[in-house]
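First listed ligand is number 1; within each ligand, the first listed atom is number 1. Since we're looking at a predicted model, the values are computed, not measured.
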Amino acid sequence: MHRFKALIFDVDGTLADTERDGHRPAFNAAFADAGLDWFWDEPLYGELLAVTGGRERILYFMAHAGIRLGAGPDPDAFARELHRAKTRHYLQRLESGAIPLRPGVLRLLREARAAGIRLAIATTTTPENVDTLLDRAGVPGLRGWFETICAGESVPRKKPAPDIYDLALERLGLAARDCVAVEDSDNGARAALEAGLRALLITVNDYTLGQDFGAAPLVVDGLGEPDQPARALSGSLGARPWVDLDTLDLIHDSVHGGSV
Ligand code: XBP
Ligand code: MG
């Protein structure tokens, strides 16, 4: 018997390293298609990730890079159209099988299913992006493992606002203390914590290493595998150098005091 009933996963940076070789080149391809000379290199993209949501990220860039559109469409409409093109490019990249799940993800999902733990997704990205990532991950039926996929603009405010986690909890019909959240970024951590998800596991990547994850009880450099150990950057992994359901029970106990 585990301490929690459901696991709620972020997608970008958590289930897969989608940003560097997925979203970033898709933005650049959309810019090139539109005849723009904008280019988001890795360091710049790392800074722009502070703004969640691709359309919002484009709007922020336009406002801060001193870009003027002249007498064309208004900036919101312009960003929306550019973002649509970006989504098309991103989906093409996924269709060609470019982005695998991070190590340990499939193992943990399988363990959770075997133990009757319910699965959900709470992400900022566009819903089609999640569906295609899961459908192309090489695991038949993977998308259906998730009872609810809460994504993109189905809530008014994106992360770091708690809205998408509130929606996931509502759809699951569970209280925050019945769930464990898995995130990779400071914005994601703020969203989860604000929604009351104190049993929060952070699995960092190159873009998010060194960020401030607030009161998250465990930060690791990956979920790890028996032959690919994970490292705890703060908190304790417990007996084994990878994240399993027992590790998640430990972090649940550490914030909820061991009562179910
Ligand atoms: C992910 C994001 C998304 C993606 C781009 O944040 O910020 O904006 O970078 O996706 P999180 P879209 O992992 O915290 O959910 O372009 O589809 O918005
Ligand atoms: Mg993320």
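For Asp184, the N/O/S atom at the shortest distance from the Mg ion (ligand 2) is named OD1. Restricting Asp10 to its N, O or S atoms, the one at the least distance from the Mg ion (ligand 2) is OD2. Of all N/O/S atoms in Asp12, O sits nearest the Mg ion (ligand 2).
Residue-environment remark: OH (Tyr60) stays at or below the threshold of 12 foreign heavy atoms within 6.0 Å. No more than 12 heavy atoms of other residues, nucleotides or ligands lie within 6.0 Å of CZ in Arg190, so this atom counts as exposed by the packing criterion.
A donor-acceptor contact shorter than 3.5 Å links the side chain of Asp221 to the backbone of Arg231.
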Identify all N/O pairs between ligand 1 and the protein with a separation under 3.5 Å and present them as a table of atom names and distances.
residue  : atom   : partner : partner atom : Å
ligand 1 : 7 (O)  : Gly53   : N            : 3.4
ligand 1 : 7 (O)  : Arg57   : NH2          : 2.7
ligand 1 : 8 (O)  : Gly53   : N            : 2.9
ligand 1 : 8 (O)  : Gly54   : N            : 3.3
ligand 1 : 8 (O)  : Arg57   : NH2          : 3.3
ligand 1 : 9 (O)  : Glu19   : OE1          : 3.1
ligand 1 : 9 (O)  : Glu19   : OE2          : 2.8
ligand 1 : 9 (O)  : Arg57   : NH1          : 2.8
ligand 1 : 9 (O)  : Arg57   : NH2          : 3.2
ligand 1 : 10 (O) : Thr125  : OG1          : 2.7
ligand 1 : 13 (O) : Asp10   : OD1          : 2.8
ligand 1 : 13 (O) : Asp10   : OD2          : 3.2
ligand 1 : 13 (O) : Asp12   : O            : 3.1
ligand 1 : 15 (O) : Asp10   : OD1          : 3.1
ligand 1 : 15 (O) : Thr123  : OG1          : 3.4
ligand 1 : 15 (O) : Thr124  : N            : 2.8
ligand 1 : 15 (O) : Thr124  : OG1          : 3.1
ligand 1 : 15 (O) : Lys159  : NZ           : 3.3
ligand 1 : 16 (O) : Gly54   : N            : 3.4
ligand 1 : 16 (O) : His83   : NE2          : 2.6
ligand 1 : 16 (O) : Lys86   : NZ           : 2.6
ligand 1 : 17 (O) : Thr125  : OG1          : 2.9
ligand 1 : 17 (O) : Thr126  : N            : 3.0
ligand 1 : 17 (O) : Thr126  : OG1          : 2.6
ligand 1 : 17 (O) : Asn129  : ND2          : 3.1
ligand 1 : 18 (O) : Gly54   : N            : 2.7

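Ion pairing of Asp249 with Arg3 is absent here, as no side-chain N (NZ or NE/NH1/NH2) approaches a carboxylate O to less than 4.0 Å. The existence of a salt bridge linking Asp10 and Lys159 is confirmed by a sub-4.0 Å separation between a basic side-chain nitrogen and an acidic carboxylate oxygen.
Residues Leu172 and Glu147 have side chains in contact (heavy-atom distance under 4.5 Å, counting atoms from C-beta outward). By the 4.5 Å heavy-atom criterion applied to side chains, Ser185 and Leu49 are not counted as neighbours.
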